[in-house]
Participant: 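The structure that follows is given in the form of C-alpha cells.
Just so we're on the same page: letters track the sequence lines, and every chain starts at 1.
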Amino acid sequence: MGISLGSRADSNPSKNVADQHLAARLAEAESQGRPLRVKLGIDPTGSDIHLGHSILFRKLRAFQDAGHTAVLIIGDFTARIGDPTGKSATRVQLGAAEVEANAETYLVQLGLGQDPARALLDFETPGRLEVRRNSEWLAAMDLPAVIDLLGTSTVGQMLAKEDFANRYGSGTPISLHEFLYPLLQGYDSVAIEADLELGGTDQKFNVAMGRDLQRHHGLRPQFGLLLPILPGLDGVQKMSKSLGNTVGLAEDALSMYSKLEKVPDAVVNDYLTLLTDLDLAALPVNPRERQKAMALAITAARHGVAAATAAQADAGSLVAGAAGAGAAEAEVPEASLATVNFPAKAFYLLAAVGVCSSSSEARRQIQAGGVKLDGEKLSDPNREFSGTQELAGKVLQLGKKTFRRLVE
RNA sequence: GGGUCGGUGCCCGAGUGGUUAAUGGGGGCGGACUGUAAAUCCGCUGGCUCUGCCUACGUUGGUUCAAAUCCAACCCGGCCCA
C-alpha cells in the first residue's frame, strides 16, 4: 500500500522496516544515483521540540547519513491553522510573528549553528538538507487553486478521520478551515516532490492525503514511513506539549535527566528502543538501574557524556541531601534581590524572586511547610526581612526541586 | 434565517435569588512514605507585602435590600428545521 510502520527508529533507514516498497525505492535510488527526497513536516506551534519529535529526526538523520536529502518543512503557514490530529477542540490560531520566532528556535534546537557532534540533523554536508517553509507555496495560492484542492476530497472522507469523527459525534465544533489542514500539508508533498514522508503513526491520514494529492497532480505518490509515538512522562498518553508530559531538547542536562529517571517502569524499554541505540539485553535488569541507564544515555546524546554524568550526580544529591547544603550548590540558579522592595515579608519575597507565581501561592506554600531558607524551614509567611544583607548568599528552596540562590 | 438548549474558576462539571471565591472530579503544587516513579494518605489549588481589601460564573445593561442564579440586547457554540 505504500505506507509502512517502522517498528523501531534507529540509525539505519530501512532497519526494522520490513517493507518491500521501501526496499525497492532505496534500491532504485541507488541504481539511479539519485538521492531520495525525504519529507518531514513540523509545525512551529510552540517554542520547544521534545523527545517525541526526536524519534522522527533520528530517522531523518539516518536517511541523511545514507546520502539522501532531508526536506524539512517548517509549517509556518499550516501552523496558523493548527493540525487537528489528536485534538478534541479547535486550535488557537497563531500570529505570523510568533510562528516565525518559533521556527527560528526549532532550527537552533535541531542543531543549526551548534556543535555538529550533538546536532540532531546534518546541517553541514551539502545536499543533505533542504529547509523549506510552506508559506512559500501556500501563501500564494489563489481561490481557484484552493477550490481545486478542496475538490480532491469529500466531507465523508474528512469525517472518516478519527479526530473529526469523534468531535462531530460528540457535538464539539469543527471549523471548516480545519478540513483544509490535511489538504494543505498534503500539498506540501506535491510542492517539494517528496519520495518519502516521515511521520508518527498518528499522521497516517495526513500522509495518505499527500499521496492522493501527488497522484492528482501527476506525480508518483510518496512512500509513507510511519514511526511509533513516544509515550509521555506519565507513561500513558503520547508525549505532547499540551499534556505537559514532555522533555524538551532545549532543557538543561539536570532537568532532562531528572525527568527521565522517573518515567514509569512500563515505558523505559520504549524510551530505550526509540531514543537510544543501546542493546537492551546488555542493560541491568533492576528497574531502577535501567531507568538511570536510559536517562543517562538520552541526556548524554544531547548534552555530552560529561554533562550527563554530572547531572546524574546532582540529581542524586538533590534527592538524598535535600537539605540543600549538598554537593549541588554550584548548580543552583541565582535569583536577584534587586527587584525586591524592602522591608519584605516572606510570602512577598517568594513571589518577587520568582519562586512562586503569586504572593498568594507563596503564602500557601509557606503554610504548607514547603519552603526552606538555607535548609531551615520557613513557617511564618509574615516573617519580615529588612534588607538584602540578611538574605544574600542564602538558598531559598521550594519543595524538593526548586532552588534559588539569592544574590544582590 | 426560524426553533431549541447551552456558555461557571487550569480542564471537566455541580449550583438556579440570600452567610463564605462558589459542591465534586481531573490535573497541578506541597507534606508523609518508597529504590525513582506509581499507588496510598494528608493539605493547598483567584489576586494583593494580607488580621483586611480587591476581582470573578460569555459581554453589556437592567430588576432587587441582595444575582452565577430573574429580565433585555448582543457575542459564541450544540442540536433540529430551512
Participant: Taking atom P in both C44(B) and U34(B), what distance in whole Å separates the two?
Facilitator: 24 Å
Participant: So which nucleotide does C74(B) pair with, by the Watson-Crick or G-U wobble rule with both distances under 3.5 Å?
Facilitator: G58(B)
Participant: Using purine N1 to pyrimidine N3 plus N6-O4 or O6-N4 for Watson-Crick, or N1-O2 and O6-N3 for G-U wobble, each under 3.5 Å, what pairs with G1(B)?
Facilitator: C81(B)
Participant: I'd like the C1' distance from U8(B) over to A21(B), given in whole Å.
Facilitator: 12 Å
Participant: May I have the distance from Asn382(A) (atom CG) to C48(B) (atom P), rounded to whole angstrom?
Facilitator: 14 Å
Participant: Should we count CD1 of Ile147(A) as having more than 12 external heavy atoms under 6.0 Å?
Facilitator: yes
Participant: Take atom C1' in G15(B) and the same atom in A68(B), then report the distance between them in whole Å.
Facilitator: 8 Å
Participant: With rounding to whole Å, what would you report as the distance between U49(B) and U36(B) at their C1' atoms?
Facilitator: 38 Å
Participant: So, are Arg220(A) and Glu193(A) salt-bridged, with charged N and O less than 4.0 Å apart?
Facilitator: no
Participant: Taking the side chain from Asn245(A) and the backbone from Lys238(A), do they hold a donor-acceptor pair closer than 3.5 Å?
Facilitator: yes
Participant: Could you tell me whether the phosphate oxygens of C50(B), OP1 or OP2, come under 4.0 Å of any side-chain nitrogen or oxygen in Ser359(A)?
Facilitator: no
Participant: Can you check the distance between A14(B) and G7(B), where both ends of the measurement are the P atom (answer in whole Å)?
Facilitator: 9 Å
Participant: How does each nucleotide of nucleotides 23-34 of chain B score, in 5' to 3' order, for protein heavy atoms under 4.0 Å: base (B), sugar-phosphate only (S), or none (-)?
Facilitator: ------SSS---
Participant: Provide the distance between the two C1' atoms, one in U45(B) and one in C11(B), to the nearest whole Å.
Facilitator: 13 Å
Participant: Quickly work out the Gln291(A) CD to A38(B) P distance and round it to whole Å.
Facilitator: 11 Å
Participant: Whole-Å distance between C44(B) P and Arg363(A) CZ?
Facilitator: 15 Å
Participant: Who does C29(B) pair with, Watson-Crick or G-U, both distances under 3.5 Å?
Facilitator: G43(B)
Participant: Can you list every salt bridge (charged side-chain N to carboxylate O under 4.0 Å, His left out) pair that touches residues 284-311 of chain A, not counting sequence neighbours?
Facilitator: Glu261(A)-Arg288(A)
Participant: Within less than 4.0 Å of OP1 or OP2 of A37(B), is there a side-chain N or O belonging to Arg290(A)?
Facilitator: no
Participant: Between Tyr257(A) and Asp252(A), is a side chain to side chain donor-acceptor pair (under 3.5 Å) present by the stated rule, with each step listed?
Facilitator: CA-CA 9 Å; Tyr257(A) 178 88; Asp252(A) 59 80; over 6 Å; no
Participant: Which value, in whole Å, describes the distance between the C1' atoms of nucleotides C57(B) and A22(B)?
Facilitator: 8 Å
Participant: Taking atom P of C50(B) as reference, at what distance in whole Å does atom CZ of Arg383(A) sit?
Facilitator: 19 Å
Participant: A quick test of your reading: do over 12 heavy atoms of other residues, nucleotides or ligands sit less than 6.0 Å from CD of Gln389(A)?
Facilitator: yes
Participant: Can you find a side chain N or O atom of Ser360(A) that sits less than 4.0 Å from OP1 or OP2 on G46(B)?
Facilitator: no
Participant: Determine the interatomic distance between C1' on G9(B) and the same-named atom on G26(B); round to the nearest Å.
Facilitator: 14 Å
Participant: Where do Asp163(A) and Arg167(A) land on the salt bridge (Lys or Arg N to Asp or Glu O under 4.0 Å) test, with the steps shown first?
Facilitator: CA-CA 6 Å; Asp163(A) 311 290; Arg167(A) 283 166 63 181; over 6 Å; no
Participant: Side chains of residues 341-348 of chain A: which donor-acceptor pairs under 3.5 Å do they make with residues two or more places apart or in other chains?
Facilitator:
residue	atom	partner	partner atom	Å
Tyr348(A)	OH	Asn341(A)	N	3.0

Participant: Which sits closer to the 5' end of RNA chain B, Tyr168(A) or Lys345(A), going by the nucleotide each is nearest to?
Facilitator: Lys345(A)
Participant: Atom NZ of Lys259(A) to atom C1' of U36(B): distance rounded to whole Å?
Facilitator: 16 Å
Participant: For Pro343(A), report the nucleic acid contact type (base, sugar-phosphate, nothing); a contact means any heavy atom under 4.0 Å.
Facilitator: base
Participant: Assuming nearest nucleotide by heavy-atom distance, tell me which of Lys262(A) and Phe347(A) is located more 5' along RNA chain B.
Facilitator: Lys262(A)
Participant: Give a yes or no on whether the ring-centroid distance for Tyr187(A) and His217(A) is below 6.0 angstrom.
Facilitator: yes
Participant: So which nucleotide from U49(B), G77(B), C44(B) ends up closest to the side chain of Arg364(A)?
Facilitator: C44(B)
Participant: Tell me the interatomic distance from Leu296(A), atom CG, to U36(B), atom P, rounded to whole angstroms.
Facilitator: 19 Å
Participant: Using atom CG of Asn245(A) as one end and atom P of A37(B) as the other, report the distance to the nearest whole Å.
Facilitator: 18 Å
Participant: Once hydrogens and angles are ignored, does a donor-acceptor distance under 3.5 Å link the base of U36(B) to the side chain of Glu261(A)?
Facilitator: no
Participant: Whole Å only: how far is the CG atom of Asp234(A) from the P atom of A37(B)?
Facilitator: 16 Å
